[in-house]
Amino acid sequence: MSDTPATGPATGAAITVRAPAKINLHLAVGPVRPDGFHPLITVYQAVGLYDDVSVREAEEWAVEVVPAGGGPAVAGVPTGADNLAVRAGRALTSYAGSGGAANITITKGIPVAGGMAGGSADAAATLVALDRLWDLGTPDETMLEIAAGLGSDVPFALLGGTAVGSGRGEVVQPVEDHGTWWWVVVPHRAGLATPAVYAEYDRLGLAEPPQPALSLLAALEYGDLTDLADTVGNDLQPAALSLAPELADTLGALTEAGAYASLLSGSGPTCLGLAGDAEHARAMAGRLSEQGYDAVLCAPGPVAGAHLVSYA
Ligand code: C5P
C-alpha cells in the first residue's frame, strides 16, 4: 500500500463508487461444461439502477448493507466474509501484495437476488473504490482479470454500456449501441438462486450450442426499437418459469401494459418490459403498480460501468 497521494483522499476519507445493474438482451446458454459452468453468448446492457459502495480504511474487513432511500438493513445479502464485496477487497489486496482492510458500506438500489447482478456490481465498485483509496493504479486488464475470478458478471459491471459476453460471461467486448432504451423493471417478492435456475435448465434438457445475436446487435447499432423488440431473448426464461410459474403473469402484465417486448432479466426472477421512451415506461410502471405489483422501477440503458462519485 502506498502513502496517501497529494491528489488523493485524506486519511480516514471515504471513497464512493457507483455501479449499475445489468440486464441480458440476449442470453444463449450451452450445455454445462465439466467445471459446472455453462458456456454463454450474451449481450449485456448496464441499466440505470445502482448500488453505491463506500470504502474507508479499517483494521479489519467489515460490510454493511443499507437500502437506497434509507430504512433498515437489507435482508438476504451476506454481511460476513462471504459478501462478494469483501471477497473483491481481499482479491485486490492479494494482487497488490498489501495487507489493508476496509469498512464497506453498500447502499442498495439494485433488487437483491433478482438476476440483475447486484452482488457483481458491489464487487466491481469495491475494486474501483479500493484501487483509488490505496492509489494502486491497477491496469484495466488486471482489474478485469481479478473481476473474472470473483464472478461471471463482475467484469461487465466494471465495463458498463452494452457488451457481448462469452466464455461463462466473463469475457466482455463492448458493442455499438445507439439507442437510449427504457425498461420497466418488475422485481419479484422472492428471489431465485442462479445455480437453481441453471440446474433446472439442465433438467429440462434445453441446451443447444449458444448462437451469436447478429440481428440484435444490428438493432442496437441502428437504435431500432421494433427490431430490438423482435430480437431480445433469454434461454433461461423457461427454467425460471418452471421454478416460479407466476412469472408468466408478470410477463403477460407487461405485454398488456404496452411493452414492446417482455422478458426475464438474467436468471430472474426480475421481469423486464421494453418501453418506447421514458414517458411510456412511467405509464407502464403506473399500470403495473395499479395491478398490485410492488416496487416497479423504470431504468434507462445503456449507462456507465463502475465509476467514482465522491471523496468525502
Ligand atoms: O459466476 P457466478 O459466481 O456468478 O455463478 C454463480 C452460479 O451460476 C455458478 O455457481 C453456476 O451454478 C451458475 N452459472 C453457470 N454458468 C454460467 C454462469 C453461472 O452455470 N455461465
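For ligands, and for the atoms within them, numbers begin at 1 and follow the listed sequence.
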Which protein N or O atoms sit under 3.5 Å from any N or O of ligand 1? Give each pair with its distance.
residue: ligand 1; atom: 1 (O); partner: Ser152; partner atom: N; Å: 2.9
residue: ligand 1; atom: 1 (O); partner: Ser152; partner atom: OG; Å: 2.5
residue: ligand 1; atom: 16 (N); partner: His38; partner atom: N; Å: 2.8
residue: ligand 1; atom: 20 (O); partner: His38; partner atom: ND1; Å: 2.7
residue: ligand 1; atom: 21 (N); partner: His38; partner atom: O; Å: 2.8
residue: ligand 1; atom: 21 (N); partner: Arg168; partner atom: O; Å: 2.9

Going by heavy atoms in the side chains, are [X] and [Y] under 4.5 Å from each other?
X	Y	answer
Val303	Tyr50	yes
Asp230	Tyr260	no
Trp61	Asn83	no
Leu225	Leu274	yes

Side-chain ion pair, Arg203 and Glu200, N-O less than 4.0 Å: yes
Got more than 12 heavy atoms from elsewhere within 6.0 Å of CD, Glu246? yes
